[in-house]
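First the structure, in the form of structure tokens, and then the observations on it.
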Number of protein chains: 2
Amino acid sequence: MMHSPELLKGTLQTILLKVLKDNGRMYGYEITQRVKELSDERILLTEGALYPTLHKLEAEGMLKTEVVTIGKRVRKYYSLTAEGKSLVKERVNELVDFIKTMSSVLKVEFA
Amino acid sequence: MMHSPELLKGTLQTILLKVLKDNGRMYGYEITQRVKELSDERILLTEGALYPTLHKLEAEGMLKTEVVTIGKRVRKYYSLTAEGKSLVKERVNELVDFIKTMSSVLKVEFA
DNA sequence: TTATATACATAATTCACTTATGTATTAGTC
DNA sequence: GACTAATACATAAGTGAATTATGTATATAA
């Protein structure tokens, strides 16, 4: 991940889950490209963070996968499970709360 | 530090600098209490993070200190140097930018 | 008198990330 | 036809900002 590096810590799961919620079924590389686009090149997910996190969310039952072969190329599509869908809401709410708290502490408007 | 723990990562310097800017000269323990109050009990700075960070900012010339003895008790007051004042602006801007980016990626309003 | 709050400090540990490395296919280009 | 860049996955080693744990000491309230 990139962009004011330290700040991104702890937001990766939230980003992955929310992008999957908004876009449905996606594969890893596709997610990196979508996030890059949505963030105007500011958030560049690194593979070393991306894949382990996807695997972890899958192991926890938040994501389900489907392997599709395109020519000789393998793609692993991820999508949210029912549990994953609740987790998205939780994570996004957490982030919104956090931002509100930071806004009070720093007396800054994030409008 | 506490509260959705991972999200706080990378925000400690920003919090310390901004609170010092807004309140002038403060000592460590006082900062923890002020942040606790401003965050409505949601951000509880831990000493293990607080003191090393204050020392680091001092070593970098961002903060200057003044030791005051109250009875037999020693207090170390911190305040911003000129360099520290520019750093506050930089850090706060970084955070605002980051929040804006997150807002685009997650399609969430932080109002 | 004894627990809690005040006040500082540092060492050991954790863990989400970055960086580095590896494999392989597909598309563009010179 | 050869080479580079983009696509697509994966994992291991290393980093660094935090937490947790520990230590010292004074002041205050029950």
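Numbers restart at 1 for each chain; the letters A, B, ... are given by sequence-line order, proteins then strands. No hydrogens, no waters, no symmetry mates; every other heavy atom, side chains included, goes into these values. The structure presented is a predicted model; accordingly, all values stated were derived computationally and were not measured.
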query = Could you give the CD-to-C1' distance, from B/Glu6 to D/dG16, as a whole number of Å?
reply = 13 Å
ask   = Rounded to the nearest Å, what distance is computed from the NZ atom of residue B/Lys56 to the C1' atom of nucleotide D/dG16?
value = 9 Å
query = Rounded to the Å, how far apart are B/Leu7 CG and C/dA16 C1'?
reply = 12 Å
key: A/Lys9 side chain near C/dT18 phosphate (N/O to OP1/OP2, under 4.0 Å)   = no
ask   = Can you name the nearest heavy-atom pair linking B/Val105 to A/Ser39, along with the distance?
value = CG2-CB, 3.7 Å
ask   = Just to confirm, is there a sub-4.0 Å distance from OP1 or OP2 of D/dA27 to any side-chain nitrogen or oxygen of B/Arg73?
value = no
query = Rounded to the Å, how far apart are A/Leu8 CG and D/dA17 P?
reply = 15 Å
request  = Check the distance between C/dT25's P and A/Ile70's CD1 and give it to me in whole angstrom.
outcome  = 15 Å
ask   = Just by distance, do the side chain of A/Ser103 and the backbone of A/Ile99 share a donor-acceptor pair under 3.5 Å?
value = no
task = Please report the shortest heavy-atom distance between A/Glu47 and A/Pro52, naming the atom on each side.
result = O-CD, 3.6 Å
inquiry  = Please report the distance, rounded to the nearest Å, between CD1 in A/Ile43 and C1' in C/dT18.
reply    = 16 Å
query = Is there a donor on the side chain of A/Glu47 or the base of D/dC9 sitting less than 3.5 Å from an acceptor on the other?
reply = yes
query = Within the structure shown, what part of the strands sits under 4.0 Å from B/Gly48 by heavy-atom distance: base, sugar-phosphate, or nothing?
reply = base
ask   = So, A/Lys21 side chain and A/Leu80 main chain: donor-acceptor pair closer than 3.5 Å or not?
value = no
ask   = For B/Lys89, what residues pass the side chain to side chain contact (heavy atoms under 4.5 Å, CB included) criterion, not counting sequence neighbours?
value = none
task = Output all residues satisfying ring pair (Phe, Tyr, Trp, His ring centres under 6.0 Å) with A/Tyr27, sequence neighbours left out; order by chain, then residue number.
result = A/Tyr77
inquiry  = Counting only side-chain heavy atoms from C-beta out, which of D/dA10, C/dC8, C/dC17 sits nearest to A/Thr53?
reply    = C/dC17
key: A/Lys76, NZ atom: more than 12 neighbouring heavy atoms under 6.0 Å   = yes
Separation of atom CD in B/Glu66 from atom P in C/dC8, rounded to whole Å = 13 Å
ask   = Is there a side-chain polar atom (N or O) of A/Tyr51 under 4.0 Å from OP1 or OP2 of D/dA10?
value = no
task = State whether the side chain of B/Lys64 and the backbone N or O of B/Thr81 hold a donor-acceptor pair below 3.5 Å, judged by distance alone.
result = no
query = Of all the nucleotides listed (D/dA17, C/dA7, C/dT26), which has the minimum atom distance to the side chain of A/Lys72?
reply = C/dT26
task = Give B/Glu30 one of three labels, base, sugar-phosphate or nothing, depending on what nucleic acid heavy atoms sit under 4.0 Å from its own.
result = nothing
query = Starting at the 5' end of DNA chain C and moving along, which residue's nearest nucleotide shows up first, B/Gln33 or B/Leu54?
reply = B/Gln33
message = Check the phosphate of D/dT11 against A/His55, side-chain N and O only, distance under 4.0 Å to OP1 or OP2. Yes or no?
response = yes
Euclidean distance, atom CD of residue A/Gln13 to atom C1' of C/dC15 [Å, nearest integer] = 13 Å
task = With a 4.0 Å heavy-atom cut-off, tell me which residues in residues 19-27 of chain B come close to DNA chain D, sorted by residue number.
result = none
key: Side chain of B/Thr46 - closest among D/dT19, C/dA16, C/dA9   = D/dT19
